[in-house]
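Numbers for residues simply follow the sequence, beginning at 1. Bear in mind that the values here come from a model prediction, so they are computed numbers and not experimental data.
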Amino acid sequence: HDKWEIDPSELNLLEELGSGQFGVVRHGKLRSLDVAVKMMKEGTMSEDEFIEEAKVMTQLRHPNLVQLYGVCSRHRPIYIVTEYLLNGSLLHYLRANDKSLLNNTDILIDMCVQVCNGMVYLERQKFIHRDLAARNCLVGIQNEIKVGDFGLARYVVDDEYTGSGGAKFPIKWAAPEVLNFMRFSSKSDVWAYGVLMWEVFNCGKMPYGRMKNAEVVDMVQSGRLLEKPRYCPDEIYNVMRQCWIHPAEQRPSFSEIKRSLPHE
Ligand SMILES: Cn1cc(-c2ccnc(-n3ncc4cc(C(C)(C)C)cc(F)c4c3=O)c2CO)cc(Nc2ccncn2)c1=O
């Protein structure tokens with residue numbers, strides 16, 4: 001019995017939560033457990049490769065990672081069943097609560113620490129996220145933050161997303177070695193984490209404003225950085241700047257970043 005295979009007859013599908021990269025995602029109940037169910041639109045994902053990898057991904061367990069419970073892969077469309085978080089994406093949460101969050105640096109630092117905790121775990125598991133950003137993190141009750149959709153970027157079938165010249169490629173979160181050579185690593189996740197920290201301290205503002213992708217590439221390649229957010233303490237901005245060191249090997253690891261962030 002493949003424990004990562006979920007029987008769809010045990011799922012009760014409820015309201016729609018939104019549509020992600022692969023199609024509609026709905027809230028559901030698996031027995032009494034709240035779940036999120038991604039219903040994979042045909043042709044959006046290399047399904048067989050993903051199903052193979054799902055066995056590994058269900059083994060990844062950490063309080064700051066959105067838990068993958070399993071898949072319904074015996075029918076089409078396949079379903080990906082994960083843990084459900086009440087407050088949706090971190091990006092929407094930051095934008096909806098910017099007034100109460102802006103100068104509450106303790107909450108903002110705590111959000112960054114929680115994401116870092118999840119990324120320290122992925123780094124230890126030698127698992128690369130490939131699309132870390134505030135939009136791909138989720139918020140539970142009590143400002144609980146979890147990193148979601150880790151590793152799924154490998155299975156997207158959409159050249160606009162996968163190619164660095166594509167309109168959907170996350171240029172503004174991409175390290176120089178990703179822009180130039182598509183060389184992903186935990187150190188390119190660290191670069192993206194620096195941009196995520198900037199998103200958090202700007203309560204969900206778009207990095208580099210309305211600059212076009214080509215302009216952002218020029219700015220990053222020329223070594224110009226995102227400016228310090230208004231309410232961001234200097235020592236926090238210094239951590240962001242460490243994440244944006246050009247040579248990947250000179251960037252800190254997530255476990256080094258964890259040590260440099262305030263921890264009670
Ligand atoms: C687990 N989970 C997922 C979602 C949810 C809903 C719609 N799209 C998504 N997204 N968002 C982003 C996303 C990104 C990818 C990349 C491969 C990395 C590009 C691949 C995806 F498959 C998704 C996806 O499915 C999510 C994120 O997976 C919403 C939740 N919760 C709520 C609660 C209230 N209101 C709205 N959402 C929730 O708990």
Side-chain angles (χ1 to χ4, degrees), residues 18-22 44 89-96 98 101-102 108 111-112 115-116 119 128-137 147-154 156-252 254 257:
S19 55
Q21 181 71 27
F22 297 124
T44 59
S89 89
L90 174 57
L91 181 61
H92 291 139
Y93 189 79
L94 289 167
R95 291 176 172 171
D98 64 334
L101 290 171
L102 250 194
L108 300 178
M111 289 177 163
C112 295
V115 172
C116 187
M119 293 309 297
I128 306 167
H129 189 298
R130 287 180 176 77
D131 195 352
L132 180 61
R135 65 181 172 277
N136 292 332
C137 291
V147 177
D149 299 310
F150 35 90
L152 290 187
R154 290 171 291 175
V156 174
V157 173
D158 177 353
D159 297 343
E160 284 308 311
Y161 173 77
T162 50
S164 63
K168 297 179 197 166
F169 186 84
I171 286 270
K172 295 179 170 181
W173 287 261
E177 71 275 8
V178 169
L179 293 175
N180 295 315
F181 316 110
M182 300 298 272
R183 195 180 309 138
F184 291 93
S185 67
S186 283
K187 292 298 181 76
S188 62
D189 279 350
V190 162
W191 180 288
Y193 176 75
V195 181
L196 181 147
M197 290 181 75
W198 188 94
E199 292 183 273
V200 167
F201 276 86
N202 272 303
C203 288
K205 252 174 37 190
M206 172 60 82
Y208 309 98
R210 311 186 56 73
M211 281 170 70
K212 292 192 179 36
N213 279 348
E215 293 164 341
V216 172
V217 171
D218 286 349
M219 183 170 167
V220 167
Q221 304 283 41
S222 66
R224 281 178 52 220
L225 303 175
L226 287 162
E227 73 290 347
K228 185 172 84 71
R230 204 144 73 121
Y231 296 102
C232 178
D234 287 349
E235 67 272 9
I236 298 294
Y237 186 56
N238 287 337
V239 176
M240 292 185 209
R241 293 199 323 195
Q242 295 287 311
C243 296
W244 300 327
I245 290 172
H246 267 239
E249 57 284 345
Q250 290 177 29
R251 282 171 223 152
F254 281 107
I257 292 169

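For the pair Ala133 and Trp173, the tightest heavy-atom approach, listed with the atom from each and the gap, is CB-NE1, 3.5 Å. When all heavy atoms of Met111 and Leu90 are compared, the closest pair comes out as SD-CD1, 4.1 Å. The two residues Pro207 and Glu199 have their closest heavy-atom pair at CG-CG, 4.1 Å. For the pair Phe201 and Cys112, the tightest heavy-atom approach, listed with the atom from each and the gap, is CE1-SG, 3.8 Å. The two residues Phe169 and Ala174 have their closest heavy-atom pair at CE2-CB, 3.9 Å. Contact record, Met182 with Ser164: SD-CB, 3.8 Å, taken as the closest heavy-atom pair.
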query = Please walk me through it: do Gln21 and Leu152 pass side chain to side chain contact (heavy atoms under 4.5 Å, CB included)?
reply = CA-CA 10 Å; Gln21 181 71 27; Leu152 290 187; over 6 Å; no
task = List the steps and the verdict of side chain to side chain contact (heavy atoms under 4.5 Å, CB included) for Ile257 and Gln242.
result = CA-CA 9 Å; Ile257 292 169; Gln242 295 287 311; over 6 Å; no
message = Applying side chain to side chain contact (heavy atoms under 4.5 Å, CB included) to Asp149 and Phe22, what does each step give before you reach the verdict?
response = CA-CA 11 Å; Asp149 299 310; Phe22 297 124; over 6 Å; no
task = Would you sort out whether Cys137 and Leu132 count as a side chain to side chain contact (heavy atoms under 4.5 Å, CB included), showing the intermediate values?
result = CA-CA 8 Å; Cys137 291; Leu132 180 61; 4.2 Å; yes
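The salt bridge (Lys or Arg N to Asp or Glu O under 4.0 Å) test applied to Arg135 returns Asp131, not counting sequence neighbours. Checked against side chain to side chain contact (heavy atoms under 4.5 Å, CB included), Asp98 has the following partners two or more places apart in sequence or in another chain: Cys203. Lys205 meets the salt bridge (Lys or Arg N to Asp or Glu O under 4.0 Å) test with no other residue; sequence neighbours excluded. Evaluation of the side chain to side chain donor-acceptor pair (under 3.5 Å) rule for Glu177 yields Arg251 as partners, not counting sequence neighbours. For Arg154, the salt bridge (Lys or Arg N to Asp or Glu O under 4.0 Å) partners are Glu53, not counting sequence neighbours. For Ser19, there are no side chain to side chain contact (heavy atoms under 4.5 Å, CB included) partners, not counting sequence neighbours. Residues satisfying the side chain to side chain donor-acceptor pair (under 3.5 Å) criterion with Asp159, sequence neighbours excluded, are absent altogether. For Arg183, there are no side chain to side chain donor-acceptor pair (under 3.5 Å) partners two or more places apart in sequence or in a different chain. Scored by the side chain to side chain donor-acceptor pair (under 3.5 Å) test, His246 finds no partners at all (sequence neighbours excluded).
Put simply, the side chain of Phe181 does not reach to within 4.5 Å of the side chain of Pro176, judged on heavy atoms. Inter-residue side-chain proximity for Asp158 and Lys168 is flagged as met; some heavy-atom pair is nearer than 4.5 Å. Side-chain atoms of Asn136 and Leu196, non-hydrogen and from C-beta on, never get closer than 4.5 Å to each other.
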What side-chain donor-acceptor pairs closer than 3.5 Å can you find for residues 224-237, not counting sequence neighbours?
{"unit_1": "Lys228", "atom_1": "NZ", "unit_2": "Cys232", "atom_2": "O", "d": "2.8"}
{"unit_1": "Tyr237", "atom_1": "OH", "unit_2": "Leu226", "atom_2": "O", "d": "2.6"}

Indicate every side-chain donor-acceptor pair of residues 208-220 with a distance under 3.5 Å to a residue at least two apart or in another chain.
{"unit_1": "Glu215", "atom_1": "OE1", "unit_2": "Lys212", "atom_2": "N", "d": "2.7"}

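Note: Leu94 CG to Asn202 CG = 10.0 Å, rounded to the nearest 0.5 Å.
Sequence neighbours left out, not one pair with a member in residues 185-198 passes side-chain hydrogen bond (donor to acceptor under 3.5 Å, both in side chains).
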